[in-house]
J.: 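First the structure, then my questions, so here it is.
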Amino acid sequence: MKYISIIFILTFLINQNFFSQSLYNTQKDSLIGADTGYIPNQELVEKMNPRLPLWLPIAEAISVNLLLGGFNAFIMNSEFAQISTESIKHNFERGWSTDADELITNMWMHPFHGSVYYNLARSSGYNYWTSLGVATIGSWQWEFFMETEPPALNDWIMTSYGGSMLGEMFYRFSNLILDESATGGERVWREIGAGIFNPGRLFNRLITGRTSRVTNEKLYERQPFLGELAIGGNTVADGTTWENGEENLMFTMEVFYGKLFSKRSYKPFDYFRFNSAFNFFGDQPVIGQFRIENIMAGKSSKLGSGRFLYGVFGHYDFLQNTVYEIGAASVGLSTGYRTSYKSKTQFIGLLHGAVVLMGAANSDYVPEVEFLDSARTYNMGPGAHFKLETILSLPFGSLSLDYSFWWIHTWDGAMGDEFITVVSPKLRIHLYKRWFIGLEYLLYSRFGMYEDFPDRTVHNNETRTFIGYSF
Amino acid sequence: MKIHLYLFTLMLSSFSLFAQTSNSEALISIKGTVISNIGEVKEIWETGSAIYLNYENISSNQFSYIFQTGYMKFKENPNHEFQGDDAYFNIIPIQVGGRYYILANSIRPFLMAMSGMNIIKSNYPIYRTNDEGEEEIVLESGTNTKLNFQVGLGLALELFSNLQIEVLANYNSHILDAPIHYNLTGLEVGLGLNWVISN
């Protein structure tokens with residue numbers, strides 16, 4: 001690790017004079033300087049893509065449940081899927097409960113499942129809020145009717161609200177890929193590409209004949225975005241030493257979608273930030289990080305030479321490695337400031353305070369809790385989330401500092417409270433054209449206060465080095 | 001408790017940020033319901049009644065959002081033995097939610113969902129028998145704050161231009177203790193009067 005760091009420092013010193021472009025600067029390819037987005041004419045959209053009746057996406061969501069339930073019951077022979085009228089009656093008598101599935105199931109797979117419900121409605125012509133409602137109905141039907149286990153409130157929250165967050169992000173991604181003026185092989189690949197992100201939309205496009213329609217009309221909203229793909233190594237240390245963690249190959253993708261601070265008012269997902277990390281060839285779980293932060297509503301105005309913003313933001317966080325596990329879906333108030341677009345050195349800062357509707361954090365004591373599945377490694381419950389994001393754009397690159405804090409009050413697990421912080425400074429250095437190299441350090445701290453166990457304090461280091469490409 | 005207050009404050013403070021539609025209709029409603037509990041709680045608190053007061057804003061012909069509060073009172077199951085004669089189990093619900101009106105006529109069938117918090121006042125703890133045959137407390141006596149969830153359907157009928165009558169049926173799934181497999185579940189039917197205050 002130290003050799004890699006030395007190489008980075010040398011590269012930094014040698015290349016200082018050649019840094020002509022940076023992320024978040026006023027160049028055309030950067031987030032700030034990009035052209036304004038495209039919002040299609042609503043009358044044209046309604047004419048070309050008329051809104052489908054609301055019962056249709058609801059029926060589709062229930063059909064998805066029946067198909068998946070049938071697969072689980074008859075192909076997989078899963079015990080939880082052996083439903084009957086008696087199991088449904090019991091579920092209504094029992095009411096909401098919580099379940100004890102693995103973290104990846106509860107905090108990532110359920111939101112992904114919810115994104116399919118969501119996009120069945122979104123691609124039928126409904127807005128964020130109505131589509132969230134359809135995801136909520138789809139998940140509710142699954143929980144009460146499709147499992148012999150009692151309906152799990154945590155699943156419902158993560159599938160509906162978490163699903164809406166993943167779903168709207170996938171919807172926006174598929175908007176960037178779809179092009180109905182394309183024909184032949186390009187068109188096929190565009191439809192498949194958009195369908196991978198958004199299978200619910202692909203299904204609706206197939207049944208409405210939009211996959212084969214050729215038109216030069218531009219029907220789908222596009223906002224300017226900045227993406228980064230990077231590959232590199234990371235080391236997660238068991239403690240605060242630098243040497244004891246195994247090195248791991250990591251692939252990261254970060255997307256800033258939409259122009260924050262540029263509009264007077266915002267609708268859901270006019271801006272979002274997606275931050276992900278995937279691990280290969282090591283002990284770390286494949287999905288290391290999957291975080292979304294989005295605006296729900298907000299207003300922006302001039303403040304001095306810069307701009308001020310306040311609004312309601314949503315947050316979806318999933319972080320997992322061999323040392324720590326965090327999952328949370330939150331909503332809350334945020335405020336931000338950025339310096340003038342004309343400044344050579346620019347600063348952007350955002351401060352968020354949010355309610356965690358459902359969260360999870362690992363705890364050493366959970367396996368010791370009676371009546372819980374011994375595979376469970378985390379506590380679960382509601383709480384609070386605070387986040388500070390700062391980015392300083394410099395002539396040679398950018399320096400960012402993120403601070404995240406979660407408080408999870410245990411509903412299910414080792415009773416008590418978990419307080420988790422992640423501090424992550426990150427340096428990006430521009431190399432050539434769109435290529436950059438970078439270094440990120442993450443300090444993870446967890447303090448657990450328990451009713452029946454001794455308190456616990458843990459600190460861990462993670463370091464990442466990477467080379468990347470911005471698009 | 002604090003979480004619910006934060007959520008409520010957040011909701012109120014962020015209200016002005018969301019776009020308002022100009023063709024909205026505002027109503028104030030009063031409703032009375034009778035409740036029949038189901039599941040394990042029925043063995044202790046069998047039936048109940050409730051009165052609700054709500055404000056509803058129909059932001060389009062089909063969708064509305066609702067703020068609701070009220071008072072719910074439950075009656076003990078005559079077959080259950082209490083430690084005294086002064087047993088009570090009362091709830092003040094504070095809810096937000098919405099309705100989807102299937103038709104936009106003078107007769108308007110609707111689907112609804114509500115959620116929020118229950119301020120529960122009871123003077124005896126509720127026990128249940130867990131899977132290991134042991135008794136455990138699921139709700140302590142005193143004042144507790146827990147989450148509530150309600151889904152239902154109904155029919156609103158226009159009597160005069162500014163007065164409607166409605167019938168509704170709800171399924172309640174209120175939380176007493178999140179991880180347990182039996183909570184406060186029940187069916188609720190009722191009658192309401194809606195007064196249109198602006199349109």
Side-chain angles (χ1 to χ4, degrees), chain A residues 54-55 58 89-100 129-130 133 136-137 140 143-144 149-154 156-157 265-268 295-299 310-313 331-334 353-358 369-372 380-384 407 409-413 415, chain B residues 1-11 13-20 37-43 59-60 62-63 65 97-102 111 113 115 128 130-132 134 136 138 146-151 171-187:
Chain A
L54 190 58
W55 63 263
I58 293 172
K89 181 171 171 256
H90 274 144
N91 284 349
F92 276 90
E93 287 178 352
R94 288 163 168 170
W96 289 118
S97 179
T98 49
D99 74 4
W129 300 108
T130 309
T136 306
I137 292 168
W140 187 86
E143 293 298 325
F144 276 84
E149 294 168 358
L153 182 60
N154 54 295
W156 190 47
I157 292 170
S265 62
Y266 295 86
K267 298 192 305 297
I295 197 160
M296 290 289 188
K299 288 182 177 172
Y310 69 99
V312 177
F313 273 62
V331 63
L333 297 174
S334 305
V355 174
V356 173
L357 303 177
M358 189 54 64
V369 177
E370 283 186 82
F371 315 127
L372 271 181
M380 189 164 61
W407 162 50
H409 176 67
T410 306
W411 265 7
D412 195 1
M415 299 310 286
Chain B
M1 175 66 181
K2 285 177 183 171
I3 294 167
H4 305 311
L5 287 175
Y6 294 151
L7 193 60
F8 196 62
T9 309
L10 175 72
M11 183 192 71
S13 58
S14 61
F15 198 70
S16 64
L17 292 171
F18 293 91
Q20 304 294 298
N37 283 338
I38 57 176
E40 229 176 60
V41 171
K42 184 184 179 180
E43 293 170 16
S59 55
S60 73
Q62 289 191 294
F63 293 98
Y65 58 84
R99 283 183 179 182
Y100 171 64
Y101 287 97
I102 298 163
L111 304 172
S115 184
R128 72 159 206 142
N130 65 28
D131 294 341
E132 275 62 41
E134 298 161 345
E136 60 187 16
V138 296
K146 304 287 178 182
L147 293 176
N148 69 44
F149 297 93
Q150 200 174 52
V151 291
Y171 164 68
N172 297 334
S173 177
H174 303 323
I175 298 286
L176 295 178
D177 187 10
I180 66 164
H181 288 182
Y182 283 92
N183 276 294
L184 178 58
T185 53
L187 301 171

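Each chain gets a letter, A, B and so on, in the order the sequences are listed, and its residues count up from 1. Bear in mind the structure is a predicted one, so any value in this text is a computation, not a measurement.
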J.: Which bit of Thr130(A) comes within less than 4.5 Å of chain B, counting heavy atoms only: side chain, backbone, both or neither?
T.: side chain
J.: As a quick check of understanding, evaluate side chain to side chain contact (heavy atoms under 4.5 Å, CB included) for Phe63(B) and Leu54(A), giving each step before the final call.
T.: CA-CA 12 Å; Phe63(B) 293 98; Leu54(A) 190 58; 4.0 Å; yes
J.: Under 3.5 Å, is there a donor-acceptor pair between the side chain of Ser173(B) and the main chain of Trp96(A)?
T.: yes
J.: How long is the gap from CG on Leu153(A) to CG on Asn183(B), to the nearest 0.5 Å?
T.: 9.5 Å
J.: I want to check something: taking the side chain as every heavy atom from C-beta on, are Phe144(A) and Tyr171(B) in contact at a cut-off of under 4.5 Å?
T.: yes
J.: Sort Val151(B) into side chain, backbone, both or neither according to what part of it lies under 4.5 angstrom from a heavy atom of chain A.
T.: side chain
J.: For Ile137(A), which atoms come within 4.5 Å of any heavy atom of chain B: side chain, backbone, both, or neither?
T.: neither
J.: Nearest 0.5 angstrom please: Trp411(A) CH2 to Leu147(B) CG, how far?
T.: 4.0 Å
J.: Could you grab the distance from atom CG of Asp177(B) to atom OG of Ser97(A), nearest 0.5 Å is fine?
T.: 9.0 Å
J.: Which region of Trp140(A), side chain (C-beta onward) or backbone (N, CA, C, O), has a non-hydrogen atom less than 4.5 Å from a non-hydrogen atom of chain B, or is it both or neither?
T.: side chain
J.: Which bit of Asp99(A) comes within less than 4.5 Å of chain B, counting heavy atoms only: side chain, backbone, both or neither?
T.: neither
